[in-house]
Asker: 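Below are the C-alpha cells for one structure; questions will follow.
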Amino acid sequence: MTAFEDAVIEVITSLQFGEVVTYGEVADQAGFPGAARAVGTVLRNCDGDVPWWRVVGAGGFIRTPGQEKQADRLRSEGVLIMEGKVVDTRNR
DNA sequence: CCCCTGACTAGAA
DNA sequence: TTTCTAGCCAGGG
C-alpha cells in the first residue's frame, strides 16, 4: 500500500453522494498534483469499497472503459449525463 | 535496472 | 481548431 494509493482512496471515499470530481482534482487533494494517471491506475485496481464512479475526466468526460455503466451509476445519484459526459446544472 | 503503457491534464505548436 | 509534448505516479515485461 503506497502513500499515494492510500491518499487517493481516502479522498475518494470522502466524496458525498452525487459528488463528482476529476482525476486531477483527486490527485491534487491527495497531495500529488499532476498524478492524474496514477489515480486511474489506482481506481482500476481498487476494491468495491471505493466509489470510483464519482471520478471522471477533465470537463466531466467519462474516460472509463464501461462509461455507460458509470453513467448509469452517476444518474442513480442524481447526476445528469449527456453524450458520455457529466452535465453540471449549476453552470453551462 | 531499463523501457513502455495507461481509467490523465495543461500548455505549446 | 487540432495535434503534439512534457510532467506526474504506478505497474508490467
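Lettering of chains follows the sequences in order, A, B, ..., and the numbering in each one begins at 1.
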Asker: With a 6.0 Å cut-off (strictly less than), is the heavy-atom count around CZ of Arg73(A), excluding the residue itself, greater than 12?
Answerer: yes

Asker: Is there side-chain contact between Phe32(A) and Val39(A), with at least one heavy-atom pair below 4.5 Å?
Answerer: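 No; the side chains remain at least 4.5 Å from each other.
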
Asker: Give a yes or no on whether the backbone of Val55(A) and the side-chain of Gln70(A) come within a donor-acceptor separation of less than 3.5 Å.
Answerer: yes

Asker: So do the side chains of Trp53(A) and Glu77(A) get within less than 4.5 Å of each other, counting heavy atoms only?
Answerer: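 Yes, at least one pair of side-chain atoms sits under 4.5 Å.
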
Asker: Can you tell me, in whole Å, how much space there is between the P of dT2(C) and that of dA7(B)?
Answerer: 23 Å

Asker: Find the distance Arg44(A):CZ to dG12(C):P and express it as a whole number of Å.
Answerer: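 About 10 Å, once rounded to whole Å.
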
Asker: With heavy atoms under 4.0 Å as the rule, sort Phe4(A) into base, sugar-phosphate or nothing.
Answerer: sugar-phosphate

Asker: Find out whether Val42(A) and Ile9(A) are in side-chain contact, i.e. whether some heavy atom of one side chain is under 4.5 Å from a heavy atom of the other.
Answerer: yes

Asker: Just the atom pairs and distances: protein N or O near nucleotides 3-7 of chain C's N or O, under 3.5 Å.
Answerer:
unit_1	atom_1	unit_2	atom_2	d
dG7(C)	O6	Arg37(A)	NH1	3.4
dG7(C)	O6	Arg37(A)	NH2	3.4

Asker: Heavy-atom count check: over 12 atoms from other residues, nucleotides or ligands less than 6.0 Å from Glu68(A) CD?
Answerer: no

Asker: Separation of Asn45(A) atom CG from dC9(C) atom P, in whole Å?
Answerer: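 Result: 18 Å.
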
Asker: Rounded off to whole Å, could you give me the CD-to-P distance for the Gln70(A) and dA7(B) pair?
Answerer: 13 Å

Asker: Is there a donor on the side chain of Thr41(A) or the base of dG11(C) sitting less than 3.5 Å from an acceptor on the other?
Answerer: no

Asker: Return yes if some donor-acceptor pair links the side-chain N/O of Arg75(A) with the main-chain N/O of Ile81(A) below 3.5 Å, else return no.
Answerer: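 No, because the side chain of Arg75(A) does not come within donor-acceptor range (under 3.5 Å) of the backbone of Ile81(A).
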
Asker: Which of residues 58-65 of chain A have a heavy atom under 4.0 Å from DNA chain B?
Answerer: Ala58(A), Arg63(A), Thr64(A), Pro65(A)

Asker: If you count heavy atoms of other groups shown closer than 6.0 angstrom to CD of Glu10(A), is the number above 12?
Answerer: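 12 or below, so no.
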
Asker: In whole angstrom, what separates Tyr23(A)'s OH from dA10(C)'s P?
Answerer: 17 Å

